[in-house]
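Notes to accompany the following structure.
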Amino acid sequence: MEKHNITQSGLTRRGFIKGVGAVGAASLFGGMPPAVLAQSRQPLKIGALNSYSKVFAALGNANVRGMNLYFNEIGNTIAGRKIEVIREDDEINPQVGLQKLRKLVQSDNCDIITGIQASNVAMAAVQYLRQSGAFMLCSGAGLVDLAFTGLPYFFRCSVDTYPLHSTMGEWVYDNVTKEIVLSASDFAGGRGSLKEFKAGFTGRGGKIIKEIYPPLGNNDFSPYLADIRNIDPPATFSFYAGTDAVRFVKQYDEYGLKKAVPMTGSGFMLDSDTLPAQGASALGVRNALHYADTLDNEANKKFVAGYREAHNEYPSVYSEYGYVAARVIHAALEAIDGDASDKEKLRKAMLEVKLAAPRGPFSFNPKSQGPVHNIYIREVAEIDGRITNKVIHTVENITDPAERPA
């Protein structure tokens, strides 16, 4: 990537040369062309549509913190344009999300939309994105259907949970059990994640004993835990997020199931946003995710150190989502001199982005425009007095499926 030096006027070196070619050096200082002036002064508007309240509040806030961390590292400027992040809360409600998305696109005139953690909100946004032609870099929802929208200006830098959970399903069959009980919050993301796990697990020959779906935002899991105790399966696999993840893991342990029925799960329910509250109840639980704050690479060390300094806590996978989104936006826009108005040019630049990200090697799948990255099988452990995840197995270069799963 070419490094652009910023002149005192705020233009990149390349922009300065173009300006000279257009009007001559003598006229530059007497009358800058309006188009050049507008480009140098107009802020780059990034809409951060996410869940900043209710059960996913910690997730959305971590995402925007990660994004702002990177933007702060680069002086909140890309190619001479100041960065303006506009936050809107979708409240995990598709109707509210659509209303806020329209505001960001039509009223705020955002150049790029990021975020949307809740899968139901993300899927509701697809039709509007199709109609409006808005450019979106999804830094949240992992539903596999988002890999098949066919939208030219829709990218995803977070995760597709299908290859994540199907890989975990294969690993659990090979290393843990041939029969299992599944549980998840009853919403699109929860049901989808269990379907993905089943694809890998049953594809190997595994048997699903039962599927259990408590409501999203549930406080008391005892009826569902009693069901698991009565079944007495060899193991369980679960998907929960936010406060649901904290309650389920703690109550699973308090109910006496942890030793009797080993828990495995999605890494989303066992990460830095939930582990401090889950405490010792989470120890030993094996899970899968594309990131761990203990990864030993330079990008992750810098990210973790910067996040801890800024927020006095360890980053979560949702923080890393936002951080990677900011790095992708920076790399793509620097390559095209900050001009986000030409969406096709921005699309091509984004497809060329390759990063040494905190999660490891990162690039985009040219067909789905989703991420290509590693999947890590992790185990919750106490390391240097802190409960976190250690990587016990790595599966490299995982991406969206070539065809929509049945």
Side-chain angles (χ1 to χ4, degrees), residues 142-144 159-186 189-214 221-241 244-245 248-249 251-253 255-271 278 281-290 292 374-381 389-406:
L143 201 66
V144 67
V159 69
D160 180 342
T161 57
Y162 184 91
L164 168 66
H165 293 132
S166 61
T167 296
M168 183 60 173
E170 294 171 353
W171 188 87
V172 168
Y173 179 86
D174 292 342
N175 297 278
V176 180
T177 183
K178 308 302 189 236
E179 298 184 358
I180 200 163
V181 165
L182 309 181
S183 75
S185 295
D186 191 5
R191 287 185 173 270
S193 296
L194 294 197
K195 182 179 179 180
E196 295 155 6
F197 177 88
K198 286 191 293 183
F201 189 75
T202 61
R204 281 281 209 266
K207 177 185 176 182
I208 307 300
I209 301 170
K210 187 172 184 177
E211 299 176 36
I212 299 171
Y213 294 100
F221 288 95
S222 59
Y224 312 100
L225 298 174
D227 197 6
I228 294 172
R229 174 184 282 173
N230 291 334
I231 295 169
D232 193 26
T236 60
F237 175 86
S238 301
F239 175 94
Y240 296 95
D244 279 1
F248 181 80
V249 171
Q251 291 177 31
Y252 194 100
D253 183 28
Y255 210 77
L257 282 174
K258 185 179 172 185
K259 293 181 180 179
V261 183
M263 178 195 295
T264 68
S266 169
F268 290 107
M269 74 174 195
L270 296 147
D271 205 53
Q278 290 163 338
S281 295
L283 287 173
V285 180
R286 288 163 290 183
N287 60 93
L289 204 58
H290 56 287
N374 296 340
I375 298 297
Y376 304 102
I377 308 299
R378 318 179 308 174
E379 182 177 322
V380 180
N389 282 284
K390 63 180 181 181
V391 174
I392 59 176
H393 182 67
T394 301
V395 186
E396 297 181 341
N397 298 320
I398 299 298
T399 190
D400 304 313
E403 297 179 356
R404 188 190 297 269

Checklist entry - From L257 CG over to Q251 CD, what is the distance, rounded to the nearest 0.5 angstrom? => result 11.0 Å
Checklist entry - Going from CG on D244 to CE on M269, what distance comes out if it is rounded to the nearest 0.5 angstrom? => result 11.0 Å
Item to check | Contact check, side chains of F268 and L164, non-hydrogen atoms, under 4.5 Å | outcome: yes
Checklist entry - Does a side-chain heavy-atom distance below 4.5 Å link L289 with Y376? => result no
Next on the checklist: So does G267 get a backbone contact from the side chain of D271, meaning a donor-acceptor N/O pair under 3.5 Å?
Outcome noted: no
Item to check | Y240 and its ring-ring contact (aromatic ring centres under 6.0 Å, His included) partner, picked from Y224, Y213, F221 | outcome: F221
Item to check | Gap between atom CZ of R378 and atom CD1 of I392 - 0.5 Å precision | outcome: 10.5 Å
Checklist entry - Do P234 and I180 have side-chain heavy atoms sitting under 4.5 Å apart? => result no
Next on the checklist: Working note: T394 + I375, criterion side-chain contact (heavy atoms from CB on, under 4.5 Å); need CA distance, chi angles, decisive distance, verdict.
Outcome noted: CA-CA 6 Å; T394 301; I375 298 297; over 6 Å; no
Next on the checklist: Ring of Y173, cation from K178 - is the NZ or CZ under 6.0 Å from the centre and inside 45° of the axis?
Outcome noted: yes
Next on the checklist: The test is side-chain contact (heavy atoms from CB on, under 4.5 Å); show your working for H290 and N374 and say whether it passes.
Outcome noted: CA-CA 6 Å; H290 56 287; N374 296 340; over 6 Å; no
Item to check | Shortest non-hydrogen contact between K390 and A381, atoms and distance | outcome: CD-CB, 4.0 Å
Item to check | Validation row: I228, Y255 side chains within 4.5 angstrom (heavy atoms) | outcome: no
Item to check | Flag side-chain contact, heavy atom, 4.5 Å: L225 against F248 | outcome: yes
Show every donor-acceptor pair shorter than 3.5 Å between a side-chain atom in residues 194-205 and any protein atom, with sequence neighbours excluded, or say none if there are none.
residue, atom, partner, partner atom, Å
K195, NZ, A406, O, 3.3
E196, OE1, T161, OG1, 2.7
E196, OE1, Y162, N, 3.3
E196, OE1, H165, ND1, 3.1
E196, OE2, T161, OG1, 3.0
K198, NZ, E211, OE2, 2.7
T202, OG1, K198, O, 2.5
R204, NE, D174, OD1, 3.1
R204, NE, D174, OD2, 3.2
R204, NH2, D174, OD2, 3.0

Checklist entry - Below 4.0 angstrom, N of the basic side chain to O of the carboxylate: do K210 and D227 qualify? => result yes
Checklist entry - For L270, does its backbone N or O pair with a side-chain atom of N389 as donor and acceptor, under 3.5 Å? => result yes
Next on the checklist: Among residues at least two apart in sequence or on other chains, which ones pass side-chain hydrogen bond (donor to acceptor under 3.5 Å, both in side chains) with R191?
Outcome noted: D186
Next on the checklist: Which heavy atom of A184 sits nearest to which heavy atom of P214, and what is that distance?
Outcome noted: O-CD, 3.2 Å
Checklist outcome for this item: One should read off an interatomic distance between W171 CH2 and H393 NE2, to the nearest 0.5 angstrom, of 8.5 Å
Item to check | V391 to A292 - nearest heavy-atom pair and separation | outcome: CG2-CB, 4.2 Å
Checklist outcome for this item: Smallest heavy-atom separation, A288 atom then I377 atom, equals CB-CD1, 3.9 Å
Item to check | Reported CZ-to-OG1 distance for the pair R286 and T264, which is rounded to 0.5 angstrom | outcome: 7.5 Å
Checklist entry - Is the closest side-chain heavy-atom distance between K258 and L283 below 4.5 Å? => result yes
Next on the checklist: Does any part of the side chain of S266, heavy atoms only, come nearer than 4.5 Å to the side chain of S193, both counted from C-beta?
Outcome noted: no
Checklist entry - Side chains of D160 and P401: closer than 4.5 Å at any heavy-atom pair? => result yes
